[in-house]
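Single-structure report; data block below.
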Amino acid sequence: MIELLILLLLLLVIIISGRRIQKLLYPTADPLGDIIFSFGFGSILLIVLVYLVAWLGLLSSIIIITLLCALFLFSIQEIPWLLASLQQLDFSWTKTNKTLTTILGIFLFWNLIGALAPTTDSDGLAYHLEIPKYYLEQGGFAYHPMIVSTWPLSLEMLYTVALALSTDSLAKLIHLIFGLGTALATYYLGRKLFNHETGLWAAAIFYTIPLISLESGIAYNDLGMVFFATIGIIAWTQWMNTNSTRSLLTSAVLLGSAASMKWNGPIIVAILTIMSIFFVRKQRNTTTLRIQQHYTNHQKIYHPFSWIILFVLISAMFPMMWYAKNAVLNGNPFGVFAANLFHARNWTQEHSQAYFQSVSGLDYSFLHMITAPFKLILSSVQYGELSFLGPVFLMLIPLLFWCQKEQYTRTLGIYCILFYAVWFWTSQQSRLLIPIFPILALLASRPIAELKNLRKILLPILLASMLLNSAFAIGYHGKGLLVAIGLENKETYLEQIRPVYPVFTYANTHLPKNAFVVFFGEIHAYFLERSYLWECAAMQGVLDYEHTTAQELYTQMKQQGVTHILLNNNVPFCPTIKEKLASEIFKTHMKLLYEKNNAQLFELEETTK
């Protein structure tokens with residue numbers, strides 16, 4: 001539970017330091033808006049500072065704590081503002097909407113339980129937490145052989161802070177906070193564009209989506225990206241309404257931060273850039289946006305397209321941080337992409353082809369494009385883990401046709417359609433649709449606020465749907481209840497969820513510090529405190545498992561310094577690898593050290609033994 005106290009202190013530092021930037025770049029004159037944007041700018045500031053410290057090779061717990069203390073002292077004068085803003089927040093809706101308040105409380109409780117429990121999710125253990133842990137161990141950025149280290153890692157910089165201060169639970173709590181922040185930003189956007197009621201129901205619809213609940217209790221990066229995308233869209237719509245270049249450039253900073261969270265983040269910037277161009281072209285001959293291309297008082301008034309170019313350049317700066325890191329450490333700025341243009345370290349065009357083949361097989365038919373939204377809403381595992389979104393969107397969005405057609409409704413609807421189209425042609429994974437969930441929730445909330453004659457029918461169905469969704473939150477996070485409140489041992493819990501965990505524990509306590517372990521059927525490297533490689537040919541290029549004989553593979557392993565092999569037989573892995581491990585050369589030189597729960601740890605001996 002100490003993580004909750006550390007979280008509050010970390011939030012204090014982030015918000016008050018972000019306030020120093022927010023009041024200069026984007027003052028809202030609204031307590032909630034000021035807090036939301038201050039949190040966003042403070043997070044960006046901390047991410048950039050940790051990134052720079054990592055380049056300097058000074059990454060450690062002491063440096064992180066010193067950095068946070070410096071930010072606190074630099075911004076301490078903003079604490080009275082924060083206290084005053086919190087006092088001005090309006091929570092009266094909790095008294096008038098007790099059923100909704102109860103449902104949201106249920107979601108928050110179980111999401112919190114999921115965040116406080118030890119990490120067991122695969123991607124978190126494989127790289128969202130493992131890569132920050134590795135950089136902390138190395139004292140800064142260093143080459144990592146797994147291709148996942150080339151993904152954009154902005155939110156992982158905050159996880160680095162979490163691991164420097166506490167445990168992986170703090171990292172999960174940070175992700176949870178970004179989910180809550182997105183709900184608040186959704187409410188703020190709905191209230192700003194429409195009214196309080198629209199914003200409230202939009203926030204509730206977003207936060208009760210089962211996929212959002214799942215993400216709120218794990219250490220991924222999707223909620224960080226959707227938070228920055230949402231507040232970036234808030235600033236972008238402000239630019240549309242007022243033609244304020246400050247709002248446009250602020251949105252560039254925020255959307256650029258979203259683009260630096262995940263590989264598909266730049267898609268958001270690309271879509272909004274295209275929409276901005278069309279918006280400017282449409283307004284060129286109106287009094288709303290007067291384009292002047294002459295000199296006034298000896299100063300040139302810039303063409304609005306110049307501001308859009310600047311918008312793109314500012315947005316690109318943030319993902320460029322990670323492309324630069326990849327270029328220096330790995331040789332290819334874009335990781336698995338453009339492998340034919342760059343000579344990367346331990347990675348070739350053939351490896352990229354293997355990676356893309358591992359995520360191929362998508363259905364691009366027109367029929368699937370039309371039916372995919374219904375499948376996502378009505379539950380289908382073909383789009384990834386817990387892709388069920390609930391029936392709310394299916395029930396409410398069609399009613400938009402009977403609502404007043406506001407400019408913002410059309411604009412945001414076009415944005416969602418364009419994002420969906422790109423998603424359909426690139427990934428078809430439900431998590432990668434999360435950036436448009438707040439906007440979809442906002443659109444779905446419009447009929448509730450506007451079609452008042454249907455409210456008596458819609459509200460009970462909507463609340464029942466949210467309550468049904470809470471069953472997924474309880475089912476997913478409920479297994480961590482006892483360990484989260486201290487009534488179950490952490491090791492016992494981890495072994496129940498990840499049976500291979502005792503093998504990692506044995507390796508950490510019995511293997512020499514310079515051991516180098518290769519995993520087969522296993523990716524949860526966060527548990528291990530030794531050097532390692534996955535066996536997956538689509539994720540690393542150091543060892544060639546598929547195009548070598550058993551003797552050649554053994555020779556490769558020893559040349560790379562491999563000392564141990566971990567087999568998780570609970571998970572299927574490549575049959576050809578099993579055949580090679582069963583060959584004479586491996587049977588002769590693999591010495592079993594430890595075995596439990598159908599997982600084994602072997603020492604890979606030298607041929608001279």
TODO: Walk me through it: do Tyr594 and Leu566 pass the test side chain to side chain contact (heavy atoms under 4.5 Å, CB included)?
DONE: CA-CA 10 Å; Tyr594 184 79; Leu566 189 155; over 6 Å; no
- [ ] Using the six-membered ring of Tyr135, assess whether NZ or CZ of Lys133 lies under 6.0 Å from its centre and within 45 degrees of the ring axis.
- [x] no
Open item on the list: Under 6.0 Å from the ring centre and within 45 degrees of the ring axis: does the NZ or CZ of Lys591 meet both conditions for the six-membered ring of Phe602?
Closed with: no
Scan side-chain atoms only and decide if [X] and [Y] contain a donor-acceptor pair under the 3.5 Å cut-off.
X	Y	answer
His589	Glu606	no
Asn597	Tyr501	no
Asn346	Gln540	no
Thr348	Glu350	yes
Tyr554	Gln559	no
Ser260	Trp322	no

Donor-acceptor pairs are to be reported for all side-chain atoms of residues 161-170 against protein atoms at under 3.5 Å, with residues two or more places apart or in another chain.
residue: Thr167; atom: OG1; partner: Glu3; partner atom: OE2; Å: 3.0
residue: Thr167; atom: OG1; partner: Ser169; partner atom: N; Å: 3.3
residue: Asp168; atom: OD2; partner: Thr119; partner atom: N; Å: 3.0
residue: Asp168; atom: OD2; partner: Thr119; partner atom: OG1; Å: 2.7
residue: Ser169; atom: OG; partner: Leu116; partner atom: O; Å: 3.0

May I ask you to test the [X]-[Y] pair for a side-chain heavy-atom distance under 4.5 Å?
X	Y	value
Ser430	Leu211	yes
Glu156	Ile131	no
Leu7	Ile177	yes

Sequence neighbours left out, cut at 3.5 Å: what donor-acceptor pairs do the side chains of residues 516-525 make with other protein atoms?
residue: Glu522; atom: OE1; partner: Asn568; partner atom: ND2; Å: 2.7
residue: Glu522; atom: OE2; partner: His524; partner atom: N; Å: 2.9
residue: Glu522; atom: OE2; partner: His524; partner atom: ND1; Å: 2.6
residue: His524; atom: NE2; partner: Ser122; partner atom: OG; Å: 3.2

List, one per line, each side-chain donor-acceptor pair under 3.5 Å for residues 329-340, sequence neighbours excluded.
residue: Asn332; atom: OD1; partner: Phe334; partner atom: N; Å: 2.9
residue: Asn332; atom: ND2; partner: Gly335; partner atom: O; Å: 3.0
residue: Asn332; atom: ND2; partner: Phe337; partner atom: O; Å: 2.9

Open item on the list: Parallel, tilted or perpendicular: which one describes the rings of Phe228 and Phe178, with boundaries at 30° and 60°?
Closed with: tilted
- [ ] Give me the ring orientation class for Tyr51 and Trp55: parallel if the planes are under 30° apart, tilted from 30 to 60°, perpendicular past 60°.
- [x] perpendicular
Open item on the list: Ring centroids only, cut at 6.0 angstrom: are Tyr526 and Tyr127 within range, meaning strictly under it?
Closed with: no
Task: Asp121/Arg498 salt bridge by N-O under 4.0 Å criterion - done: no
